Amino acid sequence: KALQTVLGAWEEERSLRYVLEPATAAINNCEGPCGFPLAEANNHAILLHSHEQSGQPLGRSPCCVPLRYADLQVVELKGAGTEITIKPNMVATRCGCR
Amino acid sequence: KALQTVLGAWEEERSLRYVLEPATAAINNCEGPCGFPLAEANNHAILLHSHEQSGQPLGRSPCCVPLRYADLQVVELKGAGTEITIKPNMVATRCGCR
Amino acid sequence: QKRRCAYLASPSNALHLKEAGNVSGAEQLCGHTPCCMGYFKLGYGPPIPDLLGCNVVQMECPESSCFSSHHMENFTSCVCNTDFCNANLTWLA
Amino acid sequence: QKRRCAYLASPSNALHLKEAGNVSGAEQLCGHTPCCMGYFKLGYGPPIPDLLGCNVVQMECPESSCFSSHHMENFTSCVCNTDFCNANLTWLA
């Protein structure tokens with residue numbers, strides 16, 4: 001459930017390969033188990049958890065994932081020059097159980 | 001990544017304990033690994049995947065979770081009588097990697 | 001041939017029930033469901049109707065008449081698949 | 001004492017750069033960053049400015065002058081922390 005700092009680098013990433021700056025940034029990750037009481041869970045996550053707790057098999061347990069993201073402003077190569085662009089959903093800012 | 005049928009029951013669930021009908025419904029679950037190419041992934045999930053692929057340790061791998069839900073209309077006990085209510089985010093309808 | 005059900009609803013429930021079919025007095029003509037629903041309060045006399053109409057929750061109606069043997073805080077319910085079957089509930093104690 | 005940077009931007013970049021500080025001709029007064037940024041194209045002569053202004057991407061500026069030894073398809077960049085330091089880039093081949 002905790003938001004952990006993770007440094008991302010994207011030179012290998014096809015959709016981000018023309019980014020000049022920044023070369024890296026903290027993108028973060030959500031980690032940790034989804035135990036009771038479920039953090040930031042919705043009805044569905046609560047029901048999945050109940051299902052498991054009652055002893056029934058579940059193909060996937062609730063997972064702690066990012067619920068909210070921040071965009072990242074970058075400068076990338078575009079056509080004949082450099083362009084300031086906003087890349088969406090780059091940095092995890094809030095975690096919850098789904 | 002596949003949307004799997006899962007039957008939910010909520011008599012044990014505190015927030016749903018006054019629901020008269022339905023007693024159960026298919027709530028579904030998202031299952032499966034998040035391998036390449038990532039299904040329905042956003043920039044952040046792609047970067048987490050890249051991070052792992054490059055050999056760096058990651059506290060949590062991308063997870064296949066519900067991205068969209070349907071609400072469920074129920075009849076529940078409220079005060080002195082029965083009331084038709086909409087319970088939000090009860091049924092998973094779409095999966096993706098986060 | 002569309003299902004016809006007994007109809008009884010509080011103002012707030014009436015809003016939700018509207019989409020299930022046209023209401024005419026104490027009767028509702030179901031737009032798309034073959035099921036009538038009935039919610040009743042148990043007491044000393046016969047079960048008292050609390051909410052009646054075309055079924056609006058996700059469930060099948062295999063029975064032709066309205067009966068129940070389960071309750072929650074003295075409220076019970078049924079779904080059934082014949083015209084006006086929800087007008088009365090038979091309580092199987 | 002706010003940072004002052006050399007300023008040069010295409011119309012679309014100017015929109016994004018606006019929020020970084022007031023522009024006055026070929027000069028920008030930074031609202032909140034101590035860093036100037038410069039993006040240059042390498043060629044036969046001195047590096048040609050492509051985008052200059054107050055820094056708008058998430059990064060520190062530990063250097064007082066503008067230099068670089070890396071490029072991507074002949075475009076290079078720097079950030080630096082003194083007034084107008086981004087007016088020229090020194091290319092370290």
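In what follows, every chain begins at residue 1, and chains take the letters A, B, ... in the order their sequences are listed. Owing to the predicted nature of the structure, the values given are computational and were not obtained by experimental measurement.
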Problem set entry | Inter-residue atom distance B:L47.CG - A:W10.CH2, 0.5 Å rounding | 6.5 Å
Exercise. Would a 4.5 Å heavy-atom cut-off, applied to side chains only, mark B:V91 and A:H44 as touching?
Worked result: no
Problem set entry | Among B:G59, B:S54, B:C63, residue most engaged with chain A (heavy-atom pairs, under 4.5 Å) | B:G59
For this session: Check whether any side-chain heavy atom of A:N43 sits under 4.5 Å from a side-chain heavy atom of B:L72, and report yes or no.
Result: no
For this session: Go through B:N89, B:V65, B:N29 and name the one with the most non-hydrogen pairs under 4.5 angstrom from chain A.
Result: B:N29
Problem set entry | Among B:H51, B:R60, B:Q56, the one residue meeting side chain to side chain contact (heavy atoms under 4.5 Å, CB included) with A:V6 | B:H51
Problem set entry | Side-chain heavy-atom pair B:I46, A:L16 within 4.5 angstrom cut-off | no
